[in-house]
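Here the structure comes first, spelled out in structure tokens, and everything after it is commentary.
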2 protein chains.
Amino acid sequence: MATRRAAAYSIGDLARATGVKPTTIRFYEAESLLPAPARTEGGHRIYGQRHLDRLGFIRHARELGFAMPDIRSLLDLADHPERDCTAAHGVAKAQIAAIDAKLRRLQALRAEISRVAAACGGGRAEECLILEVLADHRHGHCTDPGHGADGDGSSAGVQPAHASAGG
Amino acid sequence: MATRRAAAYSIGDLARATGVKPTTIRFYEAESLLPAPARTEGGHRIYGQRHLDRLGFIRHARELGFAMPDIRSLLDLADHPERDCTAAHGVAKAQIAAIDAKLRRLQALRAEISRVAAACGGGRAEECLILEVLADHRHGHCTDPGHGADGDGSSAGVQPAHASAGG
DNA sequence: GCTTGAACCTCCAGTCGCTGGAGGTCCCAT
DNA sequence: ATGGGACCTCCAGCGACTGGAGGTTCAAGC
């Protein structure tokens with residue numbers, strides 16, 4: 001037998017090692033981000049070092065906000081070291097641009113919400129500035145130039161906070 | 001002053017007036033954010049001024065990133081002017097906190113990605129720093145303290161950019 | 001060998017805020 | 001009367017998972 005430090009991990013081991021949940025690992029396999037591992041006779045997955053590495057790569061890329069198609073192409077590139085890495089640069093640049101757009105938007109939102117919230121000192125809803133500003137769909141109070149000045153509201157770049165307090 | 005001219009809008013009129021698509025308007029109705037309007041004999045929706053106002057409110061709140069449960073409670077408050085607006089403040093404050101969290105995270109991500117992208121001058125994927133850093137799941141290069149230093153990666157506050165360049 | 005019970009398996013539905021398509025009906029101008 | 005665009009309902013899909021139901025396997029302890 002070629003004893004080549006053939007570390008074998010269960011899906012739970014992999015989960016503990018990477019912080020990615022078993023369900024998510026299976027999901028990545030179904031999405032072909034992670035190659036299908038060997039199985040025990042009973043059908044349990046058996047992972048090796050390369051799975052661990054690859055899952056680390058995926059997780060890190062996800063943490064950086066890369067979408068799955070992006071990760072796919074980054075993984076593809078990582079699998080082919082002889083190729084030119086221009087594509088990786090393109091992906092990274094696009095990601096930076098996307099982040100910048102979100103940052104600008106969030107900063108504008110923060111400014112407006114905090115201003116509005118500060119303006120209203122509390123009391124009856126009738127006189128609540130928060131509600132008033134929301135109700136004013138011409139929102140003349142609004143300082144954000146990229147928000148409603150033109151008629152096009154199709155941008156929808158902001159997901160509301162369902163982020164949760166981590167579990 | 002009750003400006004109650006009985007303006008009647010079709011769903012398309014409302015869509016044009018607010019920038020919210022007909023499908024989305026119907027969706028809001030199904031979600032009970034927007035009251036069910038009158039109908040023609042044939043079943044077409046007929047909206048009035050209050051629908052227009054309310055839809056404007058909803059749209060504005062969405063633009064500010066409020067989640068639908070939040071919008072529900074804000075609308076509820078707006079429907080009851082005699083109530084105390086403390087709840088609105090709570091919602092707004094929570095939203096600011098959520099935005100701040102996202103901002104911090106996005107700023108850290110931007111810093112890391114742009115640094116990594118700048119470091120790699122191009123060439124073969126084999127030597128690509130972008131891929132290298134991603135592959136390093138201990139990521140010693142990383143400057144973001146809130147990202148991987150502790151074992152807990154469950155925050156997941158960042159959605160990848162499928163936002164499109166629509167804005 | 002037998003018994004636990006935790007971990008694993010597959011499949012499927014739900015999350016959030018819409019969006020789009022199928023297949024059919026209505027309305028209004030000509 | 002007709003043409004065609006706007007409208008109707010219902011349902012599936014997006015991204016990136018998550019959780020549950022219902023069943024099987026594994027490893028440890030006796």
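A note on names: the letters A, B, ... follow the listed sequences, proteins ahead of strands, and every chain is numbered from 1. The shown structure was predicted, so the numbers you read here are calculated from the model rather than taken from an experiment.
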- [ ] Could you tell me whether the side chain of B:Arg110 reaches within less than 4.5 Å of the side chain of A:Lys102, counting heavy atoms only?
- [x] no
Task: Heavy-atom donor-acceptor pair, A:Arg72 side chain to A:Glu31 backbone, under 3.5 Å - done: yes
Open item on the list: Donor-acceptor check, side chain of A:Asp13 to backbone of A:Ser10, threshold 3.5 angstrom: yes or no?
Closed with: yes
Open item on the list: Whole angstroms only, please: what is the CG-C1' distance between B:Leu14 and D:dA6?
Closed with: 15 Å
Open item on the list: From CG of B:Leu33 over to C1' of C:dC18, roughly how many Å is that when rounded to an integer?
Closed with: 12 Å
Task: Between C1' of C:dC8 and CZ of A:Arg16, the distance in whole Å - done: 12 Å
- [ ] Check the distance between C:dC9's C1' and A:Tyr47's OH and give it to me in whole angstrom.
- [x] 11 Å
- [ ] Take atom CD of B:Glu41 and atom P of D:dC8, then tell me their distance rounded to the nearest Å.
- [x] 16 Å
Task: A:Thr40 side-chain proximity, nearest of C:dG17, C:dT19, D:dC26 - done: D:dC26
Open item on the list: Could you tell me how far apart B:Arg39 (CZ) and D:dA6 (P) are, to the nearest whole angstrom?
Closed with: 19 Å
TODO: Decide yes or no for A:Glu112 and A:Val133: does some side-chain heavy atom of the first lie under 4.5 Å from some side-chain heavy atom of the second?
DONE: yes
- [ ] Just compare C:dC9, D:dT18, C:dG17 and give me whichever is closest to any side-chain atom of A:Lys21.
- [x] D:dT18
TODO: Tell me which nucleotide among D:dA16, C:dT10, C:dG17 gets nearest to the side chain of B:Arg62.
DONE: C:dG17
- [ ] Between B:Phe27 and B:His44, just flag the one whose closest nucleotide in DNA chain C comes earlier from the 5' side.
- [x] B:Phe27
Task: Gap between atoms CD1 and P, on A:Ile46 and C:dA7 respectively (whole Å) - done: 18 Å
Open item on the list: Check whether B:Arg59 reaches the backbone of B:Thr18 with its side chain - one donor and one acceptor, N or O, closer than 3.5 Å.
Closed with: yes
TODO: Round to a whole Å and report the spacing from CD of A:Glu31 to C1' of D:dC17.
DONE: 10 Å
TODO: Examine D:dT9: is either OP1 or OP2 under 4.0 Å from a nitrogen or oxygen in the side chain of B:Arg45? Give yes or no.
DONE: yes
- [ ] Could you check which of C:dC8, D:dT18, C:dC9 has an atom nearest any side-chain atom of A:Ser10?
- [x] C:dC8
Task: Nucleotide of C:dT10, D:dC7, C:dG17 approaching B:Arg26 most closely (side-chain heavy atoms) - done: D:dC7
Task: Most 5' of A:Ile11 and B:Tyr28 on DNA chain C, judged by nearest nucleotide - done: A:Ile11
Open item on the list: Looking at C:dT19, I'd like to know if its phosphate oxygens (OP1 or OP2) sit under 4.0 Å from a side-chain N or O belonging to B:Thr24.
Closed with: yes
- [ ] When you get a sec, tell me which of D:dA16, D:dT18, C:dG17 is the closest nucleotide to the side chain of A:Ala67?
- [x] D:dA16
